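None of these values were measured; they are calculated from a predicted model. Throughout, numbering of the chain's residues begins at 1 and tracks the sequence.
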Amino acid sequence: MSDDPYRHHPGLRGKIRPAAESVFRTLDVADFDARAVAAGMPADWRTPDDQREAARAAFLQERRGRDLWVFAYGSLMWDPGVDFTEVRRAFTPVYARSFCLVDQGGRGSAAQPGLQLALDEGAGCEGLAFRIDAAVLDGETFVLWRREMIAPAYRPVMLPLETGPGPIEALGFVADHGTEHIVTGIPMAEKARMIASASGFLGSNFDYLAGTRAQLAGLGVSDPYVDDLYARVMALRG
């Protein structure tokens, strides 16, 4: 078997940021804390490091010694931040992209909250699956957990995925409905209004939406939901 990570999809080569170039590998959490608090977020806005690490250890307890697939549906697709040995186009039939993560700091504020993507129950979602070698599982999942589980919003689950070479099961970070940051049932018109006007210390919510749409297109992924929301926001912006 070839050891080329892109052996199934050579067209993806050059479109996915190498792990060594990702800011998520050297994320300065203290700096992030300072910027969040300066933006008006509470000092305890994120999950304490020890709690996050304990949750990661519990999740991996029965999975050590084996390779791990990770499903990517948003920024993980083009900037996974982890070393992977294989990538496949993948489809989950039970979840879909949803702008249901309310953001009051990074891409929004308390006065004008924004919305970020989450993976929520739905009619299906096309994305990418990355395989992490068992030999580097601990270090790579540390990077993943610090990024995806930094604050209460997601929960890690194992998802059934359909891929060209065959079905697999992969780790996915999905919307945690038990947290206050996940809000479902927001009408599309209201989502568009929020995204059109919100901004935070990471930039504007519109730039986040536009960048997501552009990156999906660059990877050859079509999502009518994202396209519809983008068109609504553009109409509001004139």
Side-chain angles (χ1 to χ4, degrees), residues 1-22 24-25 56 59-100 116-145 147-149 154-176 211-227:
M1 180 187 297
S2 168
D3 59 359
D4 177 8
Y6 296 95
R7 56 187 174 274
H8 302 299
H9 308 291
L12 292 177
R13 196 186 312 277
K15 297 180 179 180
I16 299 173
R17 183 172 297 160
E21 298 176 11
S22 176
F24 294 104
R25 294 194 74 81
R56 180 175 71 94
F59 186 86
L60 295 176
Q61 186 173 2
E62 298 180 359
R63 296 178 175 86
R64 297 188 185 278
R66 292 180 288 166
D67 293 358
L68 177 71
W69 286 97
V70 177
F71 181 65
Y73 64 92
S75 61
L76 282 175
M77 294 177 67
W78 51 89
D79 185 12
V82 297
D83 280 317
F84 58 90
T85 57
E86 185 178 353
V87 59
R88 298 182 187 179
R89 293 193 179 276
F91 178 81
T92 175
V94 293
Y95 286 91
R97 291 180 185 85
S98 174
F99 277 86
C100 63
Q116 294 200 45
L117 270 180
L119 194 64
D120 204 7
E121 295 179 2
C125 177
E126 182 184 357
L128 298 179
F130 298 101
R131 181 165 60 86
I132 299 174
D133 191 274
V136 296
L137 185 64
D138 191 64
E140 300 308 311
T141 55
F142 173 84
V143 173
L144 273 175
W145 248 257
R147 174 181 180 173
E148 299 297 299
M149 302 294 288
Y154 301 141
R155 59 187 179 89
V157 300
M158 296 303 292
L159 302 173
L161 299 181
E162 302 168 6
T163 77
I168 59 174
E169 188 179 45
L171 164 64
F173 295 95
V174 306
D176 184 350
T212 297
R213 180 175 177 269
Q215 291 283 9
L216 291 176
L219 292 170
V221 176
S222 174
D223 191 318
Y225 166 80
V226 174
D227 290 341

Discussion item. Using every non-hydrogen atom in the two residues, find where Pro93 and Pro160 come nearest and quote the distance to one decimal.
Written reply: CD-O, 3.7 Å
Worksheet entry | Heavy-atom closest contact (Ala96 atom, Cys125 atom, distance) | CA-CB, 3.8 Å
Item to complete: List in chain and number order the residues that pass side-chain hydrogen bond (donor to acceptor under 3.5 Å, both in side chains) with Arg64, two or more places apart in sequence or in another chain; answer none if no residue qualifies.
Response: Asp138
Practice prompt. Kindly compute the distance separating CG (Leu117) from CG (Asp223), expressed to the nearest 0.5 Å.
Written response: 8.5 Å
Discussion item. Does Thr141 form a side chain to side chain donor-acceptor pair (under 3.5 Å) with Arg56? I'd like the steps, not just the answer.
Written reply: CA-CA 8 Å; Thr141 55; Arg56 180 175 71 94; 2.8 Å; yes
Discussion item. Using side-chain contact (heavy atoms from CB on, under 4.5 Å), reason through His9 and Leu128 one step at a time and then give a plain yes or no.
Written reply: CA-CA 11 Å; His9 308 291; Leu128 298 179; 5.9 Å; no
Worksheet, complete the sentence: side-chain contact (heavy atoms from CB on, under 4.5 Å) filter on Asp133, not counting sequence neighbours, yields Asp67, Thr85, Ala135, Val136
Worksheet item: Between OG of Ser222 and CG of Asp227, what distance do you get to the nearest 0.5 Å?
Response: 5.5 Å
Worksheet item: To the nearest 0.5 Å, what is the distance between CZ (Phe130) and CG (Leu144)?
Response: 10.0 Å
Discussion item. Quick check with a 6.0 Å cut-off and a 45 degree axis cone: is Arg97 positioned over the face of Tyr73's six-membered ring?
Written reply: no
Item to complete: To the nearest 0.5 Å, tell me how far Leu119 CG sits from Leu159 CG.
Response: 6.5 Å
Worksheet item: Hey, mind stepping through Met77 and Ile16 against side-chain contact (heavy atoms from CB on, under 4.5 Å) and telling me if it holds?
Response: CA-CA 7 Å; Met77 294 177 67; Ile16 299 173; over 6 Å; no
Worksheet item: Is there side-chain contact between Val174 and Asp120, with at least one heavy-atom pair below 4.5 Å?
Response: no
Worksheet item: Can you find a pair of side-chain heavy atoms, one from Ser75 and one from Arg147, that are under 4.5 Å apart?
Response: yes
Worksheet item: With a 4.5 Å limit on heavy-atom distance, are the side chains of Met158 and Arg63 in contact?
Response: yes
Worksheet item: Run the side-chain contact (heavy atoms from CB on, under 4.5 Å) check on Val70 and Val82 step by step: do they pass?
Response: CA-CA 10 Å; Val70 177; Val82 297; over 6 Å; no
Discussion item. Working note: Asp79 + Gln215, criterion side-chain contact (heavy atoms from CB on, under 4.5 Å); need CA distance, chi angles, decisive distance, verdict.
Written reply: CA-CA 10 Å; Asp79 185 12; Gln215 291 283 9; over 6 Å; no
Worksheet item: Got Glu121 and Tyr95 here, is their nearest side-chain heavy-atom distance under 4.5 Å?
Response: yes
Discussion item. Please find the pair of heavy atoms, one from Ala129 and one from Ala90, that lie closest to each other, and give the distance.
Written reply: CB-CB, 3.9 Å
Practice prompt. Could you tell me whether a side-chain N or O of Lys15 sits under 3.5 Å from a main-chain N or O of Trp78, the two making a donor and an acceptor?
Written response: no
Worksheet item: Would a 4.5 Å heavy-atom cut-off, applied to side chains only, mark Arg131 and Ile168 as touching?
Response: no
Item to complete: Enter the distance from Phe91:CZ to Glu126:CD here, rounded to the nearest 0.5 Å.
Response: 8.0 Å
Fill in: Leu161 side chain near Pro167 side chain, heavy-atom distance below 4.5 Å
no
Worksheet item: Does any N or O in the side chain of Tyr225 come within less than 3.5 Å of the main-chain N or O of Phe99, such that one atom is a donor and the other an acceptor?
Response: yes
Worksheet item: Who passes side-chain contact (heavy atoms from CB on, under 4.5 Å) against Pro156, sequence neighbours left out?
Response: Phe59, Trp145, Met149, Leu171, Phe173
Practice prompt. Evaluate the salt bridge (Lys or Arg N to Asp or Glu O under 4.0 Å) criterion for residues Arg155 and Asp176: first the C-alpha distance (whole Å), next the side-chain angles of each, then the deciding distance (0.1 Å), finally the verdict.
Written response: CA-CA 5 Å; Arg155 59 187 179 89; Asp176 184 350; 5.0 Å; no
Worksheet item: Does some side-chain heavy atom of Arg88 sit less than 4.5 Å from a side-chain heavy atom of Glu86?
Response: yes
Worksheet item: Do the side chains of Arg25 and Asp83 get nearer than 4.5 Å, heavy atoms only?
Response: yes
